[in-house]
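Predicted model, so just to flag it, every value in this text is computed and none were measured. The analysis underlying the following values was restricted to heavy atoms, covering all of them including side chains, and did not include hydrogens, waters or symmetry mates.
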Amino acid sequence: MSSHEMDDGELTPGVDDHEPTGSDADHHVFWADAVADEILDRDPDEPIVIKGGVSPSGIPHLGHFNEILRGFFVAEVLRERGHAVEQVFTSDDRDALRAVPRNLATEDWEIVGLGAVDGGALGRNLGVPYTDVPDPFGECHDSYGAHFAGLLQDSAELIGVPVTFESNTALYESGRFDDAVDTVLASDDAASVLADYQASATADDVPFMAQCPECGHLTPDVSEPDLDERTVAFACTGMEAGDDEIDGCGAEGRVSLREGKLPWRFEWPAQWTTLGVDFEPFGKDHAEGSWPSGEEIARTVFEAEPPVPFVYEWFTLGGEPLSSSSGHVITVSEVMELVGPAVVKYFFLRNPGRAKDFDVSRLDQLVDEFDRFERLYFGEEDGPEELTALADRAYPLLVDEVRPDRVRLPYTFAAVLGMVEDRGFRVQMARDEGHIDDDTPEWAIDAALERVERARRWAERTDNAYNYRLQRDLPTHEFDAATRAALDDLADFVAAGNDGEAIQGEVYETAKRHDVPVGEFFEAGYRLFFDDTQGPRLGEFLGELEQAFVVERLRRDG
RNA sequence: GGGCCGAUAGCUCAGUCUGGGAGAGCGUCCGGCUUUUAACCGGACGGUCGGGGGUUCGAAUCCCUCUCGGCCCGCCA
């Protein structure tokens, strides 16, 4: 720790031109600034290490991204202030497989049921560390743990957050954890400290779990640690996993301290000291469990200051808790296909202390909210003071590049454009609505059209009011004579070269002339073009389509 | 049983740290866009800020208490 670091803090107050004048120096509109202050108050060595981590127990879902994105914002704020930062993520992959998941994901993010893999093989590996359980999908990774850690890493890349992954198993096997393991086992206090926090722990426990060399199962039944030889005696007597009992093979003997692991309550602080962690976000589940004990273990056993903690609320998916085991999950990959990285980051930028709902059926709301946030930043709209201040401060962290000339199609409008595949149609319609003009750069058009693809997937996934698809072939239909005559009339009107607005008006006129109820006539139109009874505003939509196609379809010729 | 967090409009939430005007978006309703057909625009309606008590000139905000919900004291983002 150098003596001038205090000055660094003074020289980089983290104020940019967007910071509203008159705000107190120690009040921040953005939570990550407050966290950064707290970290810097401790004069950390550089690079400042920001960590997160999970067990690679199954499909990585959006909730796991709290572990990456909370840290991301803090890391970005610290970088802005001129500090070197490394964001690391521990895969807690020496934990034992405790339950066979109902659903899995392939390396290409395809969600499959247990039936698609050898579930029996997984069942036989209950109690075995994730890195020693074979990859259920065969050869794509070295192990179950590597497979799902790979997906997590993949998610981080998708969203554009640079993270260094650390495997717990590798930390044990390479010896990097040796000092931490020795410290715990040599400590007179370790077991008794934990016993103060955990009812099931006693002061006589040897805080280590050995991996049986015969069957690969972890066992807490260890004794007589020898710190000179770095071995421990074990008996493979099985372990508890939830309500189930996992049997051991009964083998006994001694194993190296690299063949096993610390219990989680010790492993977490061991990660902090070994990796030099300065900041760690965690869910409210750890807030009253692992954190208080970990904090004291760090101080009394490792004689090190624990990282700055940060508790985040869990969020729900469509009002229900996320649950890997029941399959109520949404992956980052899926979310990225629906809204893109900036909006995902925006979702995590908001108040982390309050439970949020991620509602796929109302993603348009989330995207609208993001668009507004963006307009507030660019000063294109007035809004509440606090929110505007937050936008000024944090918006640039959401995007790769701040571009005032970007184009954002409203999400539901993008969904309407998604009803037709043709790019020219999409561009023309966006142009007619004033979203694109002659000065719009090509990159902005491309980026805007990406949202059309996403909104299209959303419409399909939720099968909502925008899930209409222009039919390439003439749908099956049955119209009475009056309707047929009216459609022919309308076809002539279109053939005469009238525009969308005129066509919309003519729909009413034609229906009236032929004595067809307006509603029925619209239904006929929706049947012909969408094979449905409803759809978007018909006339203006038809006005954008190729005239010959519309005429032919209205005449039921193809 | 003990503890942590939360509760603001029909919905999603901001505002609570640092007490002074109860807000946004969406939805709903009404109207506009040449005449119902989920894209656009305008307006309106809408809240005893979970209940009660206290501190204060003044409380969504601070304190106490109760109710409900989530979570922790095995594992979990």
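Of the two residues contacting RNA chain B, namely Lys512(A) and Glu369(A), the nearest-nucleotide position lying further toward the 5' end is that of Glu369(A). Mapping Ala502(A) and Gln534(A) onto RNA chain B via the closest heavy atom, the residue that lands nearer the 5' end is Ala502(A).
Between His286(A) atom NE2 and C73(B) atom P there is a gap of 9 Å when expressed in whole angstrom units. Rounded to whole Å, atom C1' of A14(B) lies 19 Å from atom CZ of Arg393(A). If you measure from atom CZ of Arg456(A) to atom C1' of A39(B), you get 15 Å, rounded to the nearest angstrom. Rounded to an integer number of Å, the gap from Met239(A) CE to G74(B) P is 15 Å. Atoms NZ (Lys284(A)) and P (G6(B)) sit 10 Å apart, rounded to a whole Å. Atom pair Leu366(A):CG and C13(B):P shows a separation of 11 Å (rounding to whole Å applied). Distance, Arg265(A) CZ to G74(B) P: 6 Å, rounded to whole Å. The CG atom of Asn464(A) sits 15 Å away from the C1' atom of C26(B) (whole-angstrom rounding).
Side-chain N/O atoms of Gln198(A) include one lying less than 4.0 angstrom from OP1 or OP2 on C75(B).
No hydrogens or angles considered: a donor-acceptor pair under 3.5 Å links the side chains of Asn467(A) and Arg456(A). No side-chain donor from either of Glu506(A) and Asn498(A) sits under 3.5 Å from a side-chain acceptor of the other. The closest side-chain donor-acceptor pair between Thr331(A) and Trp109(A), if any, does not fall under 3.5 angstrom.
In the set C40(B), C11(B), C75(B), the nucleotide with an atom closest to the side chain of Arg98(A) is C75(B). Distance from the side chain of Asp357(A) is smallest to U12(B) among A38(B), U12(B), A39(B).
Gly535(A) comes within contact range of the sugar-phosphate backbone alone, with a heavy-atom separation under 4.0 Å but no base atom that close. Looking at heavy-atom distances under 4.0 Å, Phe315(A) makes contact with a base. Residue-level contact check: Gly283(A) touches the backbone only, with heavy atoms under 4.0 Å from sugar-phosphate atoms and none from bases.
Base pairing of G74(B) is not made with any nucleotide, judged by Watson-Crick or G-U wobble geometry with both donor-acceptor distances under 3.5 Å.
Taking a cutoff of 4.0 Å between a charged side-chain nitrogen and a carboxylate oxygen, Asp532(A) and Arg527(A) do not qualify as a salt bridge. Taking the charged nitrogens against the carboxylate oxygens, Glu453(A) and Arg426(A) do have a contact shorter than 4.0 Å, which makes a salt bridge.
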